[in-house]
Student: 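Here's a structure for you.
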Amino acid sequence: MDYTRQEMMAIATGREFSDGELAIFGVGLSMLAGFWAQKNHAPNLIAFTEGGVFGSTPVGGLPWGIEDNRISANATSFTNAIDALGCLVASGRVDNAVIGAAQIDKFGNVNTTGIWSGETPWSAGRYVLPKVRLNGSGGANEISVGAKKYVIMVTHEKKRFADKVDYISSPGYLNGGNDREKHNFVGGGPAAIVTTLGILRPDPVTKEFILDSYFPFSSIEEIKENTGWDLKISPDVKVVPEPTELELANLREIDVTGSLRKK
Amino acid sequence: MDYTRQEMMAIATGREFSDGELAIFGVGLSMLAGFWAQKNHAPNLIAFTEGGVFGSTPVGGLPWGIEDNRISANATSFTNAIDALGCLVASGRVDNAVIGAAQIDKFGNVNTTGIWSGETPWSAGRYVLPKVRLNGSGGANEISVGAKKYVIMVTHEKKRFADKVDYISSPGYLNGGNDREKHNFVGGGPAAIVTTLGILRPDPVTKEFILDSYFPFSSIEEIKENTGWDLKISPDVKVVPEPTELELANLREIDVTGSLRKK
Amino acid sequence: MRNKLISMREAVAQYTWDGMQYAHGGALPVGTDSIAFGKEMLKQGRKDLNVISNCNTQQTNLMAAAGAIKRMEVGFAGLEVYGFANGLKRAVETGKTILEDYSNGSIPLRLLGGALNWPFVPATINIGSDEEWCCADRPDEYPCETKIPRIKDPYTGKECGAFSVLKPDLAAIHVTMADIYGNAIMLGTEWSRYELSRAAKKVVLQADFIVDTDCMRQYPNLVRIPDVVVDAVVYWPLGAWPQCSTGVYDSDEKEMFAMNAAL
Amino acid sequence: MRNKLISMREAVAQYTWDGMQYAHGGALPVGTDSIAFGKEMLKQGRKDLNVISNCNTQQTNLMAAAGAIKRMEVGFAGLEVYGFANGLKRAVETGKTILEDYSNGSIPLRLLGGALNWPFVPATINIGSDEEWCCADRPDEYPCETKIPRIKDPYTGKECGAFSVLKPDLAAIHVTMADIYGNAIMLGTEWSRYELSRAAKKVVLQADFIVDTDCMRQYPNLVRIPDVVVDAVVYWPLGAWPQCSTGVYDSDEKEMFAMNAAL
């Protein structure tokens, strides 16, 4: 079948969502995955944006931002950031969500703030400027702290899958095990890392992410090569089922501008 | 001139308000006093209610509540309790206000919660039920804590002017002097007690309320007799100017139902 | 999205039980409140209720008179210009109902704290007065250290209070109009209904009008209660009677007095 | 009530100064923001700005590129699907702008805390990650104990954080429509503009449309910014360009990319 790696990633992410869940999506790939799930297998998946835009589906193409007219035109309710990110997300009400990552470590800690290239901002005992400044947390910190579970979407490259992230923008399992408990986070932590090559899931005890399954076009070797730590492989590692014709047709109806079909 | 004690009290209260002030009024007498000030001498007095009703003037008679259609019909904005009582009142933004009292002491502490008839709820070392349960604080606690200054309106009777109130619902100067500072209140405390007989104001240092002036139909003796503590008299105590014809005419236009004219 | 429109009888049977923590909304004592819902609760014999009430209304006045309220937390216990709430007043004076006093500004902040799943809410109000020192739940302790405990502001070292947060089992909220999914518009002051709709574990709306979802899409900014926080919708025209529903009907003066006189 | 309509030039001359704490509003990076106001600030040569930005937008991207921002507190620093904000990114990487990271949910809560004049805001988010431990203002301290200090919840004994509150010198807020007194309607997500309008010491509105106050009286529930919190109103059609003003114009894709490419 003819599909792109981006399409496989979006579908694999969307499969993580179940009917009836309350979910929050960001813009771009994450929103496509979410609206695909709603169309494909979860008609009662309820989604809103961190701006407090409720009841809408995108019209006229993928929104450039989660507040623009493409996502606002047919909303049933507009509220605000404290409502969406505070009362619904940080409070622990949201069932599922998607966040992105520029860098990620084996405990699912996410960096979207800056790249210090091996150094950390403070490691030298003195602050150093970031080599590359990124976008910061946005609403991902609230999701990582509050959502019952969430998916991290990230391009599978060695530089992104770091032994230790330069900066923790959104906490995963921190140092692993029960380390989240120290901070009384209400949310359950990341349930999956969906990459361009496969799916990682946390060990139930250590919370270290291990390879759960890989995409038909990938392999265990390719994934290990592109991971910056010694990735463990699940004893029952499997191949992710490739998109069905219906899944793909549904995705392409959502992705009207074909943004995921660029190879 | 023919005017009632209630009218004198309303006018004396209204005279405490200046043009350009941001003010909050309750229902009833307090609202009449406020809207009278706006009509009479303070056209830019800006008033809102604790429900967050902005920009309105009563239509069809005195409102039964600060949220009913008589005060809501011509509003420019409706918000909420946190906005009105939190962001505007407790925050310290409001210049002036009026609250009522069932019982008051010489430091301007107000009881609107209950009457224990000399006992306090806890004085016997055991809780006792109130003889008379009253309405509680409402929004007066926020005003007493946050408003830059405020006026307390109260019927001048000995049982109401107590040496010590049974319950402090809205703190005045507590035990006097700088006692408010212990609680970091942002507001300045009560500026005047306007009664059915005259006006009391706090000593600038001790914060004990003393007789500042009395109404033309009253006297120092009558006021002292009706006060439950040994009321001090200001060295320059004076008679409150009686309502002018214009003041009275303006008040009667506001008090369309004549509620203040019942003797 | 599920059709949530059910009958009043069903809503009360399904969402209420004896001894529950019940909150009603509730725009001030004379305003829009879920009076019809409360009457049905009494018809179905609910008792031992633990009521969260920003303000008393005729609903809680009736419930208290009927002996159904064991305990109630309140900001204001009266009926504004309609006077004292006779039913509630007598229940408190005879010890049948324990009344825990806060103020009109602190109850909504405690609901906001519940909505945000905060551990506590900073208190700059209610402290320094008997709302802090006198605790109906622990009446023999005075001053009570546990009702609004003191905490230190880490920035200045100064003290403030810490309110406990509110997460009622159920909020029955009166709204002007709702659709069958639970999107709702409140005309007039929201008072604390917005916060309440996010703080409560379950939410039932009682609406004067049921409208099509397309109406909600016309003014999404008016839809301050989105369907995602609502469990059930009941159609009950004039449901706030004898109180007012802002923009629709005013309070019924004759019935307000007659009802209170009978309680 | 005073006519507050003034020219853009006058507004910037009167309400801004070098080194001030300036906040812009600001519905997410692509949405409605007071871009025109920011451009006029640059025209008048404002510099050394301390900016409070829930999210970066093209306004702060331009200001940073022009070297006018000394320090900025932010929840998100990008331009959503339009990518990284080049001007801001380079200013941070070269050390010209100090960027203090929070998240999209914590900035509005800190504004709410400022609006309520709280000493601090309880933090259940941003803790346990480098938003807590890494402080741009004190970069050599790690972990930083003073950016989000820990406090103990008096109810459970567990720890949470304490955010500092925000009270910017000025908020320049884009609204869809305003009257000459400052009553304003925002269509689309409010994001944190409601909280910002109460937290800032001075508020200037930039409106796409000026309407009569009678329009405000038609839907007072839409008027979430009442005149009492507003100091000046500027009429500037298309003032959010090249970003969108929800319900009026969408973001200008070509200009968004071109502008960012030029910065």
Side-chain angles (χ1 to χ4, degrees), chain B residues 27-28 49-53 62-70 72-73 75 78-82 84-86 89-90 109 111 113-114 120-123 125-142 144-146 167-171 174 180 182-186, chain C residues 27-32 54-55 74-82 84-85 88-89 92-95 99 101-109 112 124-131 133-134 139-142 158-160 187-195 244 246-247 249-251 253 256:
Chain B
V27 280
T49 77
E50 58 185 89
V53 178
L62 194 64
W64 290 100
I66 54 174
E67 71 285 24
D68 79 0
N69 283 311
R70 287 183 178 178
S72 298
F78 293 126
T79 62
N80 55 67
I82 291 182
L85 289 174
V89 177
N109 301 303
N111 175 15
T113 302
T120 45
W122 55 88
S123 62
R126 270 213 66 189
Y127 178 70
V128 284
L129 291 171
K131 297 281 182 300
V132 183
R133 170 68 211 197
L134 306 171
N135 286 340
S137 154
N141 185 276
E142 282 75 15
S144 70
V145 160
Y167 183 109
I168 300 178
S169 314
S170 299
L174 295 168
R180 284 173 68 92
K182 278 199 300 211
H183 309 290
N184 305 311
F185 295 149
V186 66
Chain C
L28 289 151
V30 175
T32 175
N54 195 337
C55 289
V74 78
F76 184 75
L79 288 170
E80 299 181 85
V81 182
Y82 291 107
F84 293 110
L88 179 61
K89 185 171 182 288
V92 176
E93 289 168 0
T94 56
L99 200 62
D101 277 283
Y102 288 90
S103 69
N104 281 355
S106 58
I107 297 273
L109 289 172
L112 179 66
T124 61
I125 51 177
N126 294 197
I127 57 171
S129 61
D130 279 316
E131 283 86 4
W133 298 320
C134 193
D140 295 338
E141 275 176 48
Y142 186 89
K158 288 184 184 173
E159 270 191 353
C160 68
L187 299 183
T189 170
E190 292 175 2
W191 195 228
S192 52
R193 289 178 287 169
Y194 172 88
E195 290 79 18
C244 75
T246 310
Y249 45 91
D250 217 334
S251 68
E253 297 177 26
M256 284 293 283

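Scope of the values below: all heavy atoms of this structure, side chains included, with no hydrogens, waters or symmetry mates. The sequence lines fix the lettering, A, B, ..., with proteins before strands; numbering per chain opens at 1.
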Student: Is it true that Tyr142(C) and Asp130(C) share a donor-acceptor pair across their side chains at a distance under 3.5 Å?
Tutor: yes
Student: Return the option, out of Glu50(B), Lys182(B), Arg133(B), with the maximum number of heavy-atom pairs under 4.5 Å with chain C.
Tutor: Arg133(B)
Student: Between Thr79(B) and chain C, with a heavy-atom cut-off of 4.5 Å, which part of the residue counts as in contact: side chain, backbone, both or neither?
Tutor: backbone
Student: Measuring heavy-atom distances to chain C, does Leu62(B) have an atom under 4.5 Å in its side chain, in its backbone, in both, or in neither?
Tutor: neither
Student: Out of Ile127(C), Leu109(C), Val81(C), Thr124(C), which one racks up the most heavy-atom pairs below 4.5 Å with chain B?
Tutor: Val81(C)
Student: For each of Cys244(C), Cys160(C), Pro108(C), Ser192(C), tally heavy-atom pairs with chain B at distances under 4.5 Å, and name the one with the top tally.
Tutor: Pro108(C)
Student: Who among Gly31(C), Gly188(C), Gly75(C) has the most heavy-atom pairs with chain B under 4.5 Å?
Tutor: Gly188(C)
Student: Side chain from CB out, backbone as N, CA, C, O: work out which of these in Val132(B) comes under 4.5 Å of a heavy atom of chain C, or both, or neither.
Tutor: both
Student: Does one side chain, of Asp68(B) or Ser251(C), offer a donor that lies under 3.5 Å from an acceptor on the other?
Tutor: no
Student: Under a 4.5 Å heavy-atom cutoff, which of Val74(C), Leu99(C), Leu112(C) has the most pairs with chain B?
Tutor: Leu99(C)
Student: Only pairs of heavy atoms separated by less than 4.5 Å count here; which of Glu131(C), Lys89(C), Glu159(C) has the most with chain B?
Tutor: Glu131(C)
Student: Is a salt bridge present between Arg70(B) and Glu253(C), judged by a nitrogen-to-oxygen distance below 4.0 Å?
Tutor: yes
Student: How are the rings of Trp64(B) and Tyr82(C) set to each other: parallel, tilted or perpendicular (split at 30° and 60°)?
Tutor: parallel
Student: Looking at CD1 of Ile168(B) and OG1 of Thr113(B), how far apart are the two atoms once the value is rounded to the nearest 0.5 Å?
Tutor: 10.5 Å
Student: Which atoms form the tightest heavy-atom contact between Asn104(C) and Gly139(B), and what is the distance?
Tutor: ND2-N, 3.5 Å
Student: Could you tell me which of Ile125(C), Asp250(C), Thr32(C) has the largest number of non-hydrogen atom pairs under 4.5 Å with chain B?
Tutor: Asp250(C)
Student: CD1 of Ile82(B) to CH2 of Trp191(C): how many Å apart, nearest 0.5 Å?
Tutor: 10.5 Å
Student: Where does Asn184(B) contact chain C at under 4.5 Å (heavy atoms): side chain, backbone, both or neither?
Tutor: side chain
Student: Might you work through the side-chain hydrogen bond (donor to acceptor under 3.5 Å, both in side chains) test for Glu67(B) and Thr246(C), ending with a clear yes or no?
Tutor: CA-CA 7 Å; Glu67(B) 71 285 24; Thr246(C) 310; over 6 Å; no
